[in-house]
Amino acid sequence: MDLFLIHMPMGLKPGADLIPRDERGHIIYHKTDLRNTWEAMEKCKDAGLVRSIGVSNFNRRQLELILNKPGLKYKPVCNQVECHIYLNQSKLLEFCQSQEIALVGYGILGSSRDEKWIDQKLPVLLEDPVLKAIARRHCKSPAQVALRYLLQRGVVALAKSSNPERIKENFQVFDFQLPEEDIKELEGLNRNLRYVDAKLWRDHPQYPFHDEY
């Protein structure tokens, strides 16, 4: 396997249910030490089962639990988190870069509009007037500008589409540069807005999940 991630910074009750809940609908957590989980990941790498190991949805203090672990053999190669113009993760990106950890962005175009996952009252990212105006100046689509913005900041941008034309378009982001004034305009759109509900790990009682980044 190329890359193996800890998907969320906490454990859930072991069993057949992906997200176990009690009779009141509350998530059932499991007392798991992230450092023990990381040691198991390191053993997978040592055994040749995986080339690289990383984490997902971790904030700075959760990363530090691993980075400051006595006997650490391998640092996470990446931290995969929601990242886009409305949630630019600037502080977390700065920290990850200082530790040589790649920040991998998902939901970079504002995530899908699936009613099961996304609050329909949230703004449609690709319809942002500032983003559209910058796109017109460069004769590009809003999606291409949103992608280019992340790439220029050093974010590994994951764009998902089932539309062949859009998949092709998503690769056409290496033939232009956003000048500093455009970057500043896009930075100004940050509102720390999440499309993906982080309640699953924000409510966990065990670890420090309530940091700003």
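- Applying the side-chain hydrogen bond (donor to acceptor under 3.5 Å, both in side chains) criterion to N68, with sequence neighbours excluded, gives no partner residue.
- L193 meets the side-chain contact (heavy atoms from CB on, under 4.5 Å) test with Y86, L122, P123, R191, Y195; sequence neighbours excluded.
- As a member of the Ile/Leu/Val/Met/Phe/Trp/Tyr network built from side-chain separations under 4.5 Å, V104 groups with V156, L158.
- When the side-chain hydrogen bond (donor to acceptor under 3.5 Å, both in side chains) test is applied to R51, the partners found at least two apart in sequence or on another chain are D2.
- Residues passing the side-chain hydrogen bond (donor to acceptor under 3.5 Å, both in side chains) test with E39, sequence neighbours excluded: K69.
- Cluster annotation: V145 and F174 are assigned to the same hydrophobic cluster (Ile/Leu/Val/Met/Phe/Trp/Tyr, side-chain heavy-atom contacts under 4.5 Å, transitive).
- Partners of K45 according to the salt bridge (Lys or Arg N to Asp or Glu O under 4.0 Å) rule, which considers only residues two or more places apart in sequence or in another chain, do not exist here.
- Evaluation of the salt bridge (Lys or Arg N to Asp or Glu O under 4.0 Å) rule for D182 yields R137 as partners, not counting sequence neighbours.
- Here salt bridge (Lys or Arg N to Asp or Glu O under 4.0 Å) pairs that include residues 77-89, with residues two or more places apart or in two chains, number zero.
- S161 OG to I167 CD1: the interatomic distance, rounded to the nearest 0.5 Å, is 5.0 Å.
- Contacts classified as salt bridge (Lys or Arg N to Asp or Glu O under 4.0 Å) and involving residues 141-170 (residues at least two apart or in different chains) are given here: R153-E187.
- Checked against ring pair (Phe, Tyr, Trp, His ring centres under 6.0 Å), F176 has the following partners two or more places apart in sequence or in another chain: H138.
- For V77, the side-chain contact (heavy atoms from CB on, under 4.5 Å) criterion is met by L3, S52, not counting sequence neighbours.
- In this structure, the side-chain hydrogen bond (donor to acceptor under 3.5 Å, both in side chains) partners of D175, at least two apart in sequence or on a different chain, are K140.
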What's the verdict on side-chain contact (heavy atoms from CB on, under 4.5 Å) for E185 and L189, showing C-alpha distance, side-chain angles and the deciding distance?
CA-CA 7 Å; E185 271 195 271; L189 298 178; over 6 Å; no

